[in-house]
Amino acid sequence: MNFISMLADDIQSNFVTTFLPILRYILFFLIVASAILIIITTLMQSNDSQGGDPITGGIQESYYAKNKGGTRDGKLRIVTIVFACIIAVSVIIYFVTELFNKTA
């Protein structure tokens, strides 16, 4: 039984020492690339705000406002949200792998 636990520890330490650093480099590159793409997509969006009533904050609903997701700005907004989610998940995984690296 002791041999099996030593073998399992050896396999786990090899996994931690070989795979986790590679994964951390990949995640770091993914975070940097996503951040750059967020900056680009944010700058590509137009600055036209639909406004609304400044007192009540109400926005007039028009056909254009309801179908804004199909426009270029709507697509850029969705791409920006997707890249922000990629960054959030990558950062969480990055720091979890850092915790595993510290314990090994």
Side-chain angles (χ1 to χ4, degrees):
M1 192 87 172
N2 192 13
F3 176 71
I4 294 173
S5 67
M6 286 178 22
L7 183 62
D9 287 340
D10 187 42
I11 291 171
Q12 181 184 6
S13 87
N14 283 339
F15 174 76
V16 169
T17 57
T18 58
F19 180 70
L20 287 183
I22 295 170
L23 179 66
R24 291 182 63 220
Y25 282 124
I26 292 169
L27 288 171
F28 184 75
F29 173 75
L30 190 63
I31 291 168
V32 170
S34 296
I36 291 170
L37 289 171
I38 282 178
I39 292 169
I40 291 170
T41 56
T42 304
L43 290 174
M44 287 176 60
Q45 293 177 10
S46 67
N47 199 12
D48 298 335
S49 61
Q50 287 297 323
D53 189 14
I55 296 174
T56 61
I59 297 175
Q60 295 176 345
E61 290 294 323
S62 64
Y63 180 76
Y64 177 74
K66 290 179 184 175
N67 296 318
K68 196 171 182 179
T71 63
R72 180 176 175 263
D73 284 337
K75 290 177 185 175
L76 286 172
R77 188 170 294 125
I78 290 171
V79 169
T80 305
I81 292 170
V82 167
F83 283 126
C85 292
I86 289 172
I87 286 178
V89 170
S90 297
V91 166
I92 290 170
I93 294 172
Y94 184 85
F95 284 111
V96 167
T97 59
E98 178 67 25
L99 289 175
F100 279 120
N101 196 18
K102 297 266 188 210
T103 59

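Scanning both residues, Ile31 and Ser90, for their nearest heavy atoms gives CG1-CB, 3.6 Å.
By the criterion of side-chain heavy atoms lying less than 4.5 angstrom apart, applied directly or through intervening Ile, Leu, Val, Met, Phe, Trp or Tyr residues, Ile36 is grouped together with Met44 in one hydrophobic cluster. Under a hydrophobic clustering in which Ile, Leu, Val, Met, Phe, Trp and Tyr are joined whenever their side-chain heavy atoms come within less than 4.5 Å, directly or via other members, Leu20 and Phe29 fall into different clusters. Using a 4.5 Å cut-off between side-chain heavy atoms of Ile, Leu, Val, Met, Phe, Trp and Tyr, with links allowed through other members, Ile40 and Ile81 fall into different hydrophobic clusters. Cluster membership for Ile93 and Val82, using ILVMFWY side-chain heavy atoms within less than 4.5 angstrom, is shared. Following chains of ILVMFWY side-chain contacts shorter than 4.5 Å, one can reach Val89 starting from Phe95, so the two form part of one hydrophobic cluster.
For the atom pair NZ of Lys75 and OG1 of Thr41, the computed distance is 14.5 Å after rounding to the nearest 0.5 Å. In this structure, CG on Leu27 lies 6.0 Å from OG1 on Thr97, to the nearest 0.5 angstrom. Once rounded to the nearest 0.5 Å, the distance linking CD1 of Ile26 with CZ of Phe19 reads 7.0 Å. Of the inter-residue distances, the one linking Leu43 atom CG with Thr80 atom OG1 reads 10.0 Å to the nearest 0.5 angstrom. Expressed to the nearest 0.5 Å, how far CD1 of Ile22 lies from CZ of Arg24 amounts to 12.5 Å. Interatomic distance, CG of Leu30 versus CZ of Phe83, reported as 9.0 Å (0.5 Å rounding).
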